[in-house]
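Remarks on the structure that follows.
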Amino acid sequence: AKPKCSIILNPTLAHAPRCTWGITLAFTEKERDAHYLRGLLPPAIISQELQEKKLMNSIRQYQVPLQKYMAMMELEERNERLFYKLLIDNVEELLPVVYTPTVGEACQKYGSIFRRPQGLYISLKEKGKVLDVLKNWPERSIQVIVVTDGERILGLGDLGCQGMGIPVGKLALYTALGGVRPSACLPITIDVGTNNEKLLNDEFYIGLRQRRATGQEYYDLLHEFMTAVKQNYGEKVLVQFEDFANHNAFELLAKYGTTHLVFNDDIQGTASVVLAGVISALKLLGGSLADQSFLFLGAGEAGTGIAELIALEMSRQTKLPLEEARKRIWLVDSKGLIVSFRKNSLQHFKKPWAHEHEPVNDLLNSVKALKPTFLIGTSGVGKQFTKDVVEAMASFNERPVIMALSNPTSQAECTAEEAYTWSKGRAIFASGSPFDPFEYEGKVFIPGQANNAYIFPGFGLGLVISGAIRVHDDMLLVASEALAAQVTEEHFDKGMTYPPFSQIRKISANIAAKVAAKAYELGVATRLPRPQNLVKYAESCMYSPVYRNYR
């Protein structure tokens with residue numbers, strides 16, 4: 001009997017090579033003979049590059065972003081290497097397809113477009129058996145886990161089990177942008193129910209049909225999960241918390257930050273990428289960080305996380321006590337400006353930002369009273385930076401910095417066009433989701449995108465290559481500085497505060513090197529001896545999606 005082709009017959013693993021006409025048409029004459037493929041394929045040999053060209057032409061035919069998303073997910077399932085080749089080579093075009101803003105719509109409709117399970121689903125039904133569930137995953141060597149409980153997906157709210165689109169999308173970016181092997185990535189959704197009535201009544205909903213578990217029941221399941229992860233994968237596995245509601249996000253980060261390698265992208269990743277944009281903007285504004293004043297709309301995970309990292313960097317630069325640095329930063333929540341008068345009624349994570357000031361009920365009057373140089377939106381509510389707000393910012397700033405960071409695009413506090421038009425072309429603008437270049441009075445402005453994808457892939461790679469066992473705030477600061485350092489004079493001339501995504505693998509390698517160096521300096525790296533050139537070492541560790549030669 002002829003030996004069977006193991007390349008073709010491998011139906012089990014999500015990361016395994018598939019037998020599709022895409023990959024097999026790239027087999028050479030020798031490979032076709034060696035694996036008994038003669039006659040099973042048309043005679044043409046189609047290179048990976050030509051397959052990539054054909055698929056990009058096909059994807060561009062779709063008019064609806066969700067159709068493009070589905071086409072990319074189907075490609076990932078049947079031909080993983082080609083999926084990553086496409087994503088790496090066309091990152092600026094495809095990033096909005098596989099991640100924000102399209103992934104938000106994909107999560108909303110996840111039950112309807114569901115084709116095949118991706119990742120692990122751990123629900124309350126698995127309580128007491130979480131370790132066994134982890135052992136069901138076919139890969140043993142896991143380096144990065146992205147986990148969500150689906151309670152706060154982007155700016156879309158509680159999507160329950162359908163939040164799985166977020167861990168799947170984030171880990172695709174860990175591989176494409178940061179070079180972490182796909183087989184070393186594990187997406188997980190922890191399903192404790194949902195309070196979304198529409199989902200509970202949807203016949204196609206794929207999760208538990210019950211109200212969300214809270215309190216001890218919730219934390220017991222999370223603790224069992226964190227304990228099982230460490231037991232099964234060791235202490236060097238990175239657990240990235242994603243889209244947890246505020247009250248749980250801060251609690252989990254505080255609880256496990258001292259015992260596990262954990263990272264919250266909504267708090268820490270967002271903070272790091274925004275701080276990089278702030279550092280870049282200072283090169284356009286002039287002056288130091290301590291010369292600036294900041295006003296945030298939104299005082300949740302993102303807002304307080306960014307504010308804290310800016311205060312840490314300001315304190316580090318000026319040697320000011322952290323409490324003094326915080327006084328240059330103000331936050332507005334749904335009840336108005338956060339001031340000391342409100343301190344007793346505030347959630348614990350807002351209290352450090354309650355400064356002495358008379359009460360102010362809304363954003364516009366807060367802007368007029370405080371005259372900030374930076375206005376940063378993390379509210380998750382669209383259209384909050386009105387014409388009056390932007391014009392007020394422009395009235396006392398020659399170059400007002402306006403960062404409308406809420407995702408997806410529909411939830412942005414204002415558009416790039418609005419910021420540039422209302423400020424008469426003087427604003428330095430960045431957003432969370434992408435906006436097209438905009439021409440104002442003959443000058444073309446390229447909006448910055450404060451996308452966490454600039455930070456977390458390189459940050460995670462740095463932790464992996466150093467064998468780090470803890471995350472430290474200093475690592476976030478050096479990641480921000482490494483990203484800001486990639487912005488050139490040419491970029492500044494176009495009004496950009498972030499480098500182009502086309503350079504993302506180079507950017508990720510530089511961030512990884514700085515994070516790894518800081519891990520060694522802090523004594524939390526376990527991979528010894530330390531490589532001499534960390535940038536080159538990071539590049540050498542990156543996954544390549546080029547087809548392998550089969551003998």
Side-chain angles (χ1 to χ4, degrees), residues 59 62-73 76 87 91-115 118-119 146-174 176-177 187 189 191 194-196 198-199 202 204-207 240-246 249 264-266 269-270 273 298 300-302 377-384 404-416 431-436 447 449-454 456 501:
I59 286 168
Y62 292 114
Q63 298 301 309
V64 179
L66 187 62
Q67 291 176 324
K68 295 184 179 185
Y69 173 88
M70 291 173 68
M72 286 296 290
M73 292 302 103
E76 183 183 22
L87 189 48
V91 65
E92 289 179 303
E93 182 175 350
L94 292 178
L95 189 63
V97 173
V98 300
Y99 203 62
T100 184
T102 311
V103 74
E105 184 183 359
C107 286
Q108 287 176 310
K109 299 174 180 174
Y110 210 75
S112 301
I113 66 173
F114 185 82
R115 296 287 181 273
Q118 293 175 289
V146 176
V147 60
T148 187
D149 71 352
E151 189 168 4
R152 193 201 59 84
I153 297 298
L154 301 175
L156 303 171
D158 186 350
L159 297 184
C161 194
Q162 296 188 172
M164 180 58 100
I166 298 295
V168 168
K170 286 273 177 173
L171 286 167
L173 301 188
Y174 259 112
L177 313 186
T189 290
D191 186 358
T194 179
N195 294 336
N196 186 324
K198 187 177 176 184
L199 291 180
D202 182 352
F204 298 119
Y205 181 54
I206 59 174
Q240 179 169 313
F241 296 121
E242 197 68 40
D243 287 353
F244 284 75
N246 289 345
N264 185 304
D265 193 42
D266 304 298
T270 302
V273 77
E301 294 170 57
T378 62
S379 62
V381 182
K383 306 299 179 187
Q384 297 299 298
L405 303 179
S406 293
N407 289 316
T409 313
S410 60
Q411 305 302 114
E413 284 78 9
C414 69
T415 66
S431 57
S433 288
F435 284 101
D436 292 331
Q449 189 189 353
N451 191 321
N452 294 20
Y454 276 117
F456 73 80
F501 258 110

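Under the 3.5 Å distance criterion, with hydrogens and angles disregarded, a donor-acceptor pair is assigned to the side chains of Q240 and Y174.
Using a distance-only test at 3.5 Å, with no hydrogens or angles considered, no donor-acceptor pair links the side chain of N451 to the main chain of Y454. Put simply, the side chain of D191 never gets that close to the backbone of G207: no donor and acceptor are under 3.5 Å apart. Remark: side-chain polar atoms of E413 are paired, donor with acceptor, to backbone N or O of L405 under 3.5 angstrom. Within the 3.5 Å criterion, the main-chain N or O of G298 finds no donor-acceptor partner in the side chain of S379. With Y205 contributing its side chain and G160 its backbone, the two residues share no donor-acceptor pair below 3.5 Å. Put simply, the side chain of T270 gets close to the backbone of D266: a donor and an acceptor are under 3.5 Å apart.
Between I113 and Q108 there is no side-chain heavy-atom pair separated by less than 4.5 Å. Looking at V381 and S406, their side chains never come closer than 4.5 Å, going by heavy atoms from C-beta outward. Between M73 and E76, some side-chain heavy-atom pair lies under the 4.5 Å cut-off. With a 4.5 Å cut-off on side-chain heavy atoms, P101 and S410 do not count as touching. Side-chain atoms of F456 and L177, non-hydrogen and from C-beta on, never get closer than 4.5 Å to each other. A heavy-atom distance below 4.5 Å is not found between the side chains of V98 and V103. Under the 4.5 Å side-chain criterion, counting only non-hydrogen atoms from C-beta, I59 is in contact with M72.
Smallest separation of non-hydrogen atoms from T100 and P434: O-CD, 4.2 Å. Residue G150 comes nearest to D158 through the heavy atom pair O-OD1, 3.4 Å, listed as atom of the first residue, atom of the second, then distance. Contact between L87 and A176 at its shortest, heavy atoms only, is CD2-CB, 3.6 Å. Across all non-hydrogen atoms, the minimal contact from L66 to E105 is CD2-OE2, 3.8 Å. Scanning all heavy atoms of the two residues, the minimum distance from G432 to N407 falls at C-OD1, 3.1 Å. Here the closest heavy-atom approach between residue L173 and residue L95 is recorded as CD2-CD1, 3.4 Å.
Distance check: Q449 CD to F435 CZ gives 9.5 Å after rounding to the nearest 0.5 Å. Expressed to the nearest 0.5 Å, how far CE of M164 lies from OG1 of T148 amounts to 9.5 Å. Here the CD-CG distance, from Q411 to L154, works out to 9.5 Å after rounding to the nearest 0.5 Å. Expressed to the nearest 0.5 Å, how far CG of D149 lies from CG of D243 amounts to 9.0 Å. The CZ atom of R152 sits 6.5 Å away from atom CG of N246, with the distance rounded to the nearest 0.5 Å. Within the model, atoms CD of Q162 and OG1 of T194 stand 8.5 Å from one another, a figure rounded to the nearest 0.5 Å.
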V147 vs T189, side chain to side chain contact (heavy atoms under 4.5 Å, CB included): CA-CA, chis, key distance, verdict: CA-CA 6 Å; V147 60; T189 290; over 6 Å; no
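The stretch residues 159-174 participates, sequence neighbours left out, in these salt bridge (Lys or Arg N to Asp or Glu O under 4.0 Å) pairs: K170-E242, K170-D265. Sorted by first and then second residue, the ring pair (Phe, Tyr, Trp, His ring centres under 6.0 Å) pairs involving residues 148-167 (not counting sequence neighbours) form an empty list.
With sequence neighbours excluded, the residues satisfying ring pair (Phe, Tyr, Trp, His ring centres under 6.0 Å) with F241 are F244.
Counting non-hydrogen atoms of other residues, nucleotides and ligands closer than 6.0 Å to CZ of F114 gives a total above 12.
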